[in-house]
Engineer: 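The following block contains the structure, expressed as structure tokens.
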Amino acid sequence: ELETFYKAKRRFAQLAHSSEMYIRLQLRRGDVAIFDNTRLLHARSAIADADGDRYVQGCYFDRDGLQYNWERLRRRKDRPTWTSLR
């Protein structure tokens with residue numbers, strides 16, 4: 001079993017480091033990247049001197065809490081309605 005595990009681990013590492021699996025983004029001031037932290041491997045590249053300062057703000061939410069509140073609102077008889085954001 002241990003041999004099977006290490007074979008799978010090596011294959012996973014090969015896939016994870018394959019350039020075919022990379023998505024590279026150059027974010028600019030005001031850009032936002034949103035992803036599911038439990039379903040995606042991610043990293044940040046080194047900061048080049050020409051890039052200037054980097055500011056990263058993390059924001060996390062509890063999926064169970066989000067689902068609970070959605071269900072609670074969905075079941076309300078007087079639930080709020082969507083309105084225009086304009």
Side-chain angles (χ1 to χ4, degrees):
E1 283 187 26
L2 204 51
E3 186 177 322
T4 302
F5 168 77
Y6 282 113
K7 183 178 178 182
K9 183 180 176 194
R10 282 191 297 275
R11 181 65 180 135
F12 177 78
Q14 287 172 342
L15 290 170
H17 291 94
S18 168
S19 62
E20 296 171 4
M21 299 295 175
Y22 283 31
I23 297 173
R24 294 185 185 272
L25 301 173
Q26 179 68 45
L27 299 177
R28 296 171 301 222
R29 183 184 192 113
D31 287 348
V32 175
I34 300 173
F35 50 87
D36 185 340
N37 211 28
T38 63
R39 299 184 57 95
L40 181 73
L41 290 173
H42 60 90
R44 291 177 283 282
S45 61
I47 302 172
D49 290 337
D51 289 342
D53 293 334
R54 179 182 283 181
Y55 176 76
V56 178
Q57 174 68 48
C59 178
Y60 302 91
F61 63 87
D62 174 32
R63 187 175 290 162
D64 291 335
L66 189 64
Q67 182 67 31
Y68 168 77
N69 284 316
W70 167 255
E71 276 300 314
R72 200 181 62 160
L73 284 171
R74 189 183 68 79
R75 293 176 187 195
R76 279 178 48 180
K77 291 186 182 353
D78 63 334
R79 68 176 171 241
T81 57
W82 294 102
T83 58
S84 174
L85 298 176
R86 292 182 205 184

Engineer: As a quick check of understanding, evaluate side-chain contact (heavy atoms from CB on, under 4.5 Å) for Arg76 and Arg72, giving each step before the final call.
Structural biologist: CA-CA 7 Å; Arg76 279 178 48 180; Arg72 200 181 62 160; 5.7 Å; no
Engineer: Tell me, yes or no, whether the heavy-atom count around Glu71 atom CD, taken from other residues, nucleotides or ligands under 6.0 Å, exceeds 12.
Structural biologist: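 Yes, because the 6.0 Å sphere around CD of Glu71 holds more than 12 heavy atoms from other groups.
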Engineer: At what distance, to the nearest 0.5 angstrom, does CZ of Arg29 lie from CG of Asp31?
Structural biologist: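 Between atom CZ of Arg29 and atom CG of Asp31 there are 11.5 Å.
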Engineer: If you measure from CH2 on Trp70 to CZ on Arg75, what distance do you get to the nearest 0.5 Å?
Structural biologist: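 Rounded to the nearest 0.5 Å, the CH2-CZ separation comes out at 12.0 Å.
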Engineer: Is it the case that more than 12 heavy atoms not belonging to Phe35 sit under 6.0 Å from its CZ atom?
Structural biologist: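 Counting other residues, nucleotides and ligands, CZ of Phe35 exceeds 12 neighbours.
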Engineer: Between CG of Asp64 and OH of Tyr68, what distance do you get to the nearest 0.5 Å?
Structural biologist: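 So the gap between those two atoms works out to 12.5 Å.
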Engineer: Crowded around Ile23 CD1? As in, over 12 foreign heavy atoms under 6.0 Å?
Structural biologist: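 Open: at most 12 neighbouring heavy atoms sit under 6.0 Å from CD1 of Ile23.
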Engineer: Counting only heavy atoms not in Phe12 (residues, nucleotides, ligands), do more than 12 fall under 6.0 Å from its CZ?
Structural biologist: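 Check fails, neighbour count at 12 or below.
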Engineer: Same cluster or not: Met21 versus Leu25, using hydrophobic residues (I, L, V, M, F, W, Y) connected whenever any side-chain heavy atoms lie under 4.5 Å apart?
Structural biologist: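 No, Met21 does not connect to Leu25 through the hydrophobic network.
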